[in-house]
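Comments concern the structure below.
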Amino acid sequence: MITVFANPDRFMALSRYLTPILAAAAAALFAWGLPQALVTSPPDYQMGETVRIMYVHVPAAWWALGLYAAMGMASFVSLVWRHVLADVAARAMAPVGAVLAALCLITGSLWGRPTWGTWWEWDARLTSMLVLFITYIGYLALWAAIEDAQRAARLAAILCLVGLINLPIIRFSVDWWYTLHQPASVLRLGGSAIDPAMLSPLLIMAGAFACAAASITLLGMRSLIHRRQALAAELRLARSAP
Amino acid sequence: MIRALMSVYRRDVALAWAGGGGAAAPLGFYVGVVLLLPLAMGPERALIAAAGPPLLWVAGALSVLMTLERLFQADLEDASLDQLLLAAAPLELAAFAKGAALWTALGLPMALVGGIASLTLQTPPAAAPIIALGLAVGMAGFISIGLLGAALAAGVRRGGVLIAVLVLPFFAPPIIFGAAAAAAASAGEAPFEGAFQLLGACCLFYAALGPIAAAAALRLQAD
Amino acid sequence: MTDPALPGVIEDPHTAYIAWSYALAALSLAGLAFVGWWRARHWSARAKAALRAEAEGGEAEEKKASTP
Amino acid sequence: MTRRAFKGQPSEGLTDESRLVDGLAFEGLALARGSRLLFQDLTACYQPGVLVELTGPNGSGKTTLLRAIAGLASPAAGVIRMGRATDPEDRASLAHLLGHRDGLKGALALRAHVRFWAELFAGDAGQIDDALALVGLRGLSALPARVLSQGQARRLALTRLVIAQRPVWLLDEPAAGLDRAGKNLLADLIDRQVRQGGLVIAAVHEPLGLPAQSLALESLKP
């Protein structure tokens, strides 16, 4: 598959059609999933209606993590096979992942308010998501700080890979920390086994988020490739101008 | 090869100490931050005893962050990084040697000062050596992963803030285990149990991962 | 029933949180899509313009070179 | 500064295994600076015991080529072979690189610099004072490097070439900042290295006054 996307031109041709298709798929899945999530699915016996926030919070958490893993793979390909497209893919996924991580934190806080009575609860998973969010910020800050695009791509790839290796360690240490300082038994966010009637809207919403994220990522990759072409052409123009 | 690594180590320790007062600035910063706690929270003993050990770790992490910026930036600017690349030793070990030099020149003194400062934070005197030892291990972990941050931001003007935001997520595990170990020590529990072992494991892992990743980044900086 | 911890909040507080969550989700996805679309449009236009200018530059040179 | 033989030079000069078997070779070499292609299809071969003068206008890629040979910069295409070594790390261990910047630490004493290089490049730590004497900085050996003038700093950097024997010298405008005596000293060092079977590639703007092959980069326009 990687070789199919090998050269940017074929990628541009393919993504020209894939981007709108994915966007349409996302819209369709949202149309299908939202009524279930908001109306037809049953309220939680403890939390009542607020469990509906789960259909936004959980997909955001999944894809914030999923995108970082995908960035890790793209970074590996970029470092080992020096693929131009892999750099562009990792760079295009980062903002989407960062926004999803932020969305996950905010919806977690909104969900926690009625459930726990506070805007922010240092729950193990929310804390790990906060660390992941700062990792995204660091990744984007590194890209912004380095002028030479090629060097920035490789350095960011190293940072992303080391971050990926550390995710399980950070996750383990935060869980260990949470159990160490375990406050009174607190209702875990969505901890109870998910009622099957809730599962289908959750999966549909997750699919909708996935298509939306993929479409936005492809859009980002297209603009990054156009940007490189534009800057290179302008550079050549400036140099050859009499 | 060992001679080459020892030469990098000795030169960096000499440079760390020679630069005007040597370790005085980071140590001063460290003590200053520790001082802020009682000023902010009032002299109430129980409060300070609870917040003391963890603060030692937060202040230690911040002080190490301050020393990371000049670690590779100076070498990149005056082209002595090229010498490390051409040396009779792999760049990974040269990075490790630079980290070890920073640890000896600044990490250990900070751990010592941390142990002494823990006395002022109402922790029982018996706990001080254990806290100092924990800090020494933690500093090694912070510096090792800090090598990567310093290497990534070596080419960036005023890269200090960038290094901080790059490296802080990786500081989470050592802070968690280190502060827990310090709290356990000040609570009088058995010194080298649970948290301390996890701290050691995490810092050993960073001591291996940091130099390798930093060397990869340095090769890119020199490209 | 009003939430004891939030005196004076509207009658059923939960719908507010749900509404805000979905609104923010929609806002963030729409925002990402819009920024992505705008940037893609901007850079593709600029790339087209630069490449066309380069092509014209090339033709001008050929014309110059071919005329004695 | 009278021209005198380098006293205390290790007799065998370049040790046998460090002597290059079959020189330096480029095969279809192309170099780029960021996205800009500097030159391509450079194919050449230089036997040991030769001085190569690298010429070309500013920005034609002289420095990049020297760094690529040393294994620091990665070529856009093609292969660089140094003796049997093609891998960058192996080439790096066979070469000395003297760039524009001398790579000195202002706070460190001159003697400390030379000892550092002696150990870093696995050279002979006993030769420190002789090396300093050779470049005429024996008297300043205890002072920190920041007191040196540009020419003196360049002379200190030259001791790097002398203190540890390496078959390939990559010099980027080595004569820059040197006075007449310094230029003579440089010519002496290069001459002896070449006669001992070493290979010296120097990026220069005016010839060094030694028998040399030349490699002009402007003839390789992309």
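Order of the sequence lines sets the chain letters (A, B, ...), proteins ahead of strands, with each chain counted from 1.
A distance of 10.0 Å separates OH of Tyr22(C) from OG1 of Thr107(A), quoted to the nearest 0.5 Å. Of the inter-residue distances, the one linking Ile18(C) atom CD1 with Leu110(A) atom CG reads 10.5 Å to the nearest 0.5 angstrom.
Between Ser21(C) and Val56(A), the shortest heavy-atom distance links the atoms O-CG1, 4.2 Å. Here the closest non-hydrogen pair linking Ser28(C) and Val99(A) is CB-CG1, 3.5 Å. Between Glu54(C) and Leu237(A) the shortest heavy-atom distance is CA-CD2, 3.9 Å.
Ranked by non-hydrogen atom pairs under 4.5 Å with chain C, the options Ile106(A), Leu224(A), Thr50(A) are led by Thr50(A).
Both the backbone and the side chain of Val96(A) have a heavy atom closer than 4.5 Å to some heavy atom of chain C. Of the two parts of Arg222(A), neither the backbone nor the side chain holds a non-hydrogen atom closer than 4.5 Å to a non-hydrogen atom of chain C.
Interface with chain C: from residues 226-233 of chain A, residues His226(A), Arg227(A), Gln229(A), Ala230(A), Leu231(A), Ala233(A) qualify, criterion being any non-hydrogen pair under 4.5 Å. Within residues 203-211 of chain A, the residues that have a heavy atom under 4.5 Å from a heavy atom of chain C are Met205(A), Phe209(A), listed by number.
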Which donor-acceptor pairs under 3.5 Å do side chains of residues 32-44 of chain C form with protein atoms, sequence neighbours excluded?
| unit_1 | atom_1 | unit_2 | atom_2 | d |
| --- | --- | --- | --- | --- |
| Ser44(C) | OG | Ala40(C) | O | 3.2 |
| Ser44(C) | OG | Arg41(C) | O | 3.1 |

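Inter-residue side-chain proximity for Arg52(A) and Thr15(C) is flagged as unmet; no heavy-atom pair is nearer than 4.5 Å.
Within the structure, every pair that satisfies the side chain to side chain donor-acceptor pair (under 3.5 Å) test and touches residues 135-144 of chain A, not counting sequence neighbours, is listed here: Tyr139(A)-Trp143(A).
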